[in-house]
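Working notes for the structure below.
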Amino acid sequence: MRFYLMPALFVVAGCAGEMTGQIRGTGERVVFAYEQGLDSDTYRATIGSENFAGKAVMDGSTSGVGTAFGAGFDATIFGATTTNKFVAVLLGDKGSSLNCQMRYADSSGFTTSGGVGICQHSDGRVIDVVW
């Protein structure tokens, strides 16, 4: 049974989509692109003329690719502590940053299931995010 489940894990890698954000107070729309990974997601966004890129990781999880193939394979995959809470940091190409707290709709961490979040720009602006 293990051999049938492992390929399913790799299907998740590479799934991509968009999140819609809106800057509080101005209503300016911010489009976030994401790519689902095995142990983290990659986020990208553009605000004005600045491009941001970074990673999102589970906040408080004990699972991961490194332990999934080790001695505790069954315990890690099937008994893992997972959460729908993710944290992300995106660095801008002009020196700014975004610090995000996301809640995925799926507690297994599947980005494609949707969710909600909030990001704070290093200049203080707040961006509400849905997908």
Side-chain angles (χ1 to χ4, degrees):
M1 187 165 174
R2 237 183 238 175
F3 298 107
Y4 297 113
L5 294 175
M6 284 180 60
L9 292 173
F10 292 107
V11 171
V12 173
C15 293
E18 287 187 353
M19 303 170 175
T20 302
Q22 181 173 308
I23 298 175
R24 285 187 191 171
T26 69
E28 180 183 349
R29 186 171 180 224
V30 179
V31 176
F32 289 79
Y34 69 82
E35 185 173 330
Q36 175 90 45
L38 288 174
D39 60 350
S40 66
D41 290 349
T42 301
Y43 287 1
R44 297 190 186 288
T46 301
I47 300 174
S49 62
E50 188 165 15
N51 297 308
F52 294 82
K55 296 280 185 186
V57 296
M58 277 188 188
D59 185 13
S61 134
T62 60
S63 65
V65 173
T67 56
F69 301 106
F73 178 82
D74 290 331
T76 301
I77 295 298
F78 300 109
T81 302
T82 60
T83 178
N84 67 337
K85 296 179 185 177
F86 280 68
V87 294
V89 174
L90 287 76
L91 303 176
D93 59 6
K94 296 187 178 182
S96 299
S97 62
L98 294 173
N99 188 325
C100 305
Q101 297 178 11
M102 310 301 248
R103 290 207 181 230
Y104 288 21
D106 182 274
S107 64
S108 300
F110 289 106
T111 319
T112 55
S113 295
V116 297
I118 186 169
C119 296
Q120 184 156 7
H121 193 285
S122 53
D123 69 7
R125 290 182 285 175
V126 175
I127 303 165
D128 295 305
V129 181
V130 297
W131 75 99

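For this chain, numbers begin at 1 and follow the sequence in order.
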**Asked** Between atom CD of Glu28 and atom CD1 of Ile23, what is the distance when rounded to the nearest 0.5 Å?
**Response** 4.0 Å
**Request:** Check whether any side-chain heavy atom of Leu91 lies under 4.5 Å from a side-chain heavy atom of Leu98, and answer yes or no.
**Result:** no
**Asked** Looking at CZ of Phe52 and OG of Ser122, how far apart are the two atoms once the value is rounded to the nearest 0.5 Å?
**Response** 6.5 Å
**Request:** Enter the distance from Ser49:OG to Lys94:NZ here, rounded to the nearest 0.5 Å.
**Result:** 3.0 Å
**Ring center gap for Tyr104 and Phe110 short of 6.0 angstrom** = no
**Request:** Kindly give the heavy-atom pair with the smallest separation between Thr112 and Tyr34, and that separation in Å.
**Result:** CA-OH, 3.5 Å
**Request:** Using the side chain to side chain contact (heavy atoms under 4.5 Å, CB included) rule, take Val57 and Val87 through it: C-alpha gap first, then chi angles, then the decisive distance, then the call.
**Result:** CA-CA 6 Å; Val57 296; Val87 294; 3.9 Å; yes
**Request:** Answer yes when Lys55 and Asp41 have at least one side-chain N-carboxylate O distance shorter than 4.0 Å, and no when they do not.
**Result:** no
**Request:** Decide if atom CZ of Arg125 counts as having more than 12 heavy atoms of other residues, nucleotides or ligands within a radius under 6.0 Å.
**Result:** yes
**Item:** For the student: nearest non-hydrogen atoms of Met19 and Thr111, plus distance
**Value:** CE-CG2, 4.0 Å
**Request:** Taking all heavy atoms of Ala105 and all of Ser113, pick out the closest pair and write down the distance.
**Result:** CB-O, 3.5 Å
**Item:** side chain to side chain contact (heavy atoms under 4.5 Å, CB included) between Met102 and Val116, intermediate numbers included
**Value:** CA-CA 6 Å; Met102 310 301 248; Val116 297; over 6 Å; no
**Request:** Return the orientation label for the Tyr43 and Phe32 ring planes: parallel under 30°, perpendicular over 60°, tilted otherwise.
**Result:** perpendicular
**Message:** Could you measure the distance from the NE2 atom of His121 to the CG atom of Asn99? Nearest 0.5 Å is fine.
**Reply:** 12.0 Å
**Prompt:** Ignoring hydrogens and geometry, is there a side-chain-to-backbone donor-acceptor pair from Gln120 to Ser97 under 3.5 Å?
**Reply:** no
**Residue from Ile118, Val129, Leu90 passing side-chain contact (heavy atoms from CB on, under 4.5 Å) with Cys100** = Leu90
**Message:** Looking at Gly109, is its backbone amide N or carbonyl O close enough to the side chain of Gln36 to form a donor-acceptor pair, meaning the two atoms are under 3.5 Å apart?
**Reply:** yes
**Asked** How close do Asn84 and Ser107 get, heavy atom to heavy atom, and via which atoms?
**Response** CB-CA, 3.8 Å
**Steps toward side chain to side chain contact (heavy atoms under 4.5 Å, CB included) verdict (Thr20, Arg29)** = CA-CA 7 Å; Thr20 302; Arg29 186 171 180 224; 3.5 Å; yes
**Asked** Closest approach of Gly21 and Ile127, non-hydrogen atoms and distance?
**Response** CA-CG2, 4.0 Å
**Sub-4.5 Å side-chain heavy-atom contact between Gln22 and Val30** = no
**Prompt:** So which heavy atom on Ser108 is nearest to which on Met58, and how close?
**Reply:** O-CE, 3.5 Å
